[in-house]
Amino acid sequence: MQDAFGHRISYLRISVTDRCNERCRYCMPQEEQAWFGSAEILSYDEMLRVLRVGVSLGISKVRITGGEPLTRPGIAQFCAQVAGMPGIEHVGLSTNGTWLGRPGQGGGTLADDLKRAGLASINISLDSLDRAAYQKVTGRDLLAEALAGIDAAFAAGFESVRLNCVLMKGHSESQIGPLIEFARVKGALLRFIELMPVSVTEVLGEDQFLSAGEAMRLAQAAAGELRPCPQFRTNGPAVYHELANGQRLGFIGAMTNLHFCESCNKLRLTSDGKLRPCLGSWLEFDLREALRGGADDAQLAQLILSVVERKPKEHDFRNNYQPNRRMIAIGG
Ligand code: SAM
Ligand code: SF4
């Protein structure tokens, strides 16, 4: 699949739930949530059907996300079905990590179940190593659980464990050094993500924004000189730099990197069955109606292709896009 601007689409992010056990300030409002009803959420079988049709059009990589994907029952079995689908080469999962160390169904942890299911990589959100600061950002006192989850991911044998830190002025400055040291000791790949205006919250103003460039300067002040390593890439838009000791750090400059969208290869399926060609655009197209209205695979494929045709050249974040739709609904 290729869009009008030459983006080759091979990557589908699937948000399996809009629910979450945390309340990150940049992601969703703190007050009581109006979650989707169970009938509004796609069943796993519906998600697998969309994916199967997507694979026939060139999708080969999947990231399972949310909301907090581990809060949806049956997530490990779903991951196994995704990873076992012919044509799928790589399955990753994004999580806040707090449930990874919980008991799974196979006698070990949930992380062990996910590894056995065939997941290749895990991205774990970690904005802070300070308990009070973690609680302030995530709305929950769950730092110990998140750290236990990171250990569980390593103990399960995941080769690729990435830590994602969203940058916020007034918060991240003091966390960058400790996070770099923590990632070095654990052997995790740490990435810093610029705050994007993808929520309904008020915390997304200029005064909260800390750029990837500023984070790079703070990282150098804390850990020494950084050199670009353009030859190192992961599936996404992160740009990597290397410390003298060989530790790599990723910077995801959604707002300040003007080339951010050039290599975009993604589509997003929301938990309520909308296909979004871009995280930073209002465009979304309903697949649920087609799925439940008896569309056959050829019709679904046509629908997916028509969404790809409407993929924008680049996101609309710099116009302070606010989707009036929670990040958890879209799937970060
Ligand atoms: N709950 C999981 C987690 O926290 O990793 C998966 C879903 S979360 C929406 C996916 C990623 O989006 C996380 O790394 C989170 O930090 C990031 N995110 C959420 N809101 C964001 C925002 N406004 N700007 C930048 N990143 C954001
Ligand atoms: Fe939940 Fe992840 Fe959003 Fe935080 S970023 S509120 S953990 S979905």
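For ligands, and for the atoms within them, numbers begin at 1 and follow the listed sequence. We're numbering straight along the sequence, starting at 1.
Counting only heavy atoms from C-beta outward, the side chains of Leu42 and Arg292 approach each other to under 4.5 Å. Between Phe192 and Leu190, the closest side-chain pair of non-hydrogen atoms falls below 4.5 Å. With contacts defined as side-chain heavy-atom distances shorter than 4.5 Å, the pair Met47/Val16 qualifies. Using a 4.5 Å heavy-atom threshold, the side chains of Trp35 and Thr17 count as separate. For the pair Leu163 and Leu189, the minimum side-chain heavy-atom distance is 4.5 Å or more.
Atom 1 (Fe) of ligand 2 has no N, O or S atom of Cys27 closer than 2.8 Å. Residue Cys24: an N/O/S atom is found under 2.8 Å from atom 4 (Fe) of ligand 2.
Annotation for ligand 1: atoms under 4.0 Å from non-hydrogen atoms of Gly66 are 7 (C), 9 (C). In summary, the atoms of ligand 1 found under 4.0 Å from a heavy atom of Gly67, numbered by their order in the structure, are 1 (N), 2 (C), 6 (C), 7 (C). Within the listing of ligand 1, atoms 6 (C), 7 (C) sit less than 4.0 angstrom from a heavy atom of Thr65. Close approach of ligand 2 to Met28 (heavy-atom distance below 4.0 Å) involves ligand atoms 6 (S). Every atom of ligand 1 is numbered from 1 in the order shown, and the set under 4.0 Å from a heavy atom of Glu68 is 1 (N), 2 (C).
Both cation-pi conditions hold for Arg248 and Phe232: the charged atom is under 6.0 angstrom from the six-membered ring centre and inside a 45 degree cone around its axis. Cation-pi check for Arg268 over Tyr11 is not met; the charged atom does not lie both under 6.0 angstrom from the ring centroid and within 45 degrees of its normal.
Below 3.5 Å of separation, one finds an N or O of Tyr26 facing an N or O of ligand 1. The shortest N or O to N or O distance between Cys20 and ligand 1 is not under 3.5 Å. Annotation: Ser125 places an N or O atom under 3.5 Å from an N or O atom of ligand 1; distance criterion only.
Counting heavy atoms under 4.0 Å from ligand 1, residue Asn123 does not touch it at all. Here Glu194 has backbone heavy atoms under 4.0 Å from ligand 1, and that is the only part of it that gets that close.
Side-chain N or O atoms of Glu68 include one that pairs as donor or acceptor with a backbone N or O of Asn96 at under 3.5 Å.
Between Arg191 and the choices Val239, Asn123, Val166, the side chain to side chain contact (heavy atoms under 4.5 Å, CB included) rule is met once, by Asn123.
Residue contacts with ligand 2 do not include Gly66, since none of its heavy atoms lies under 4.0 Å from the ligand.
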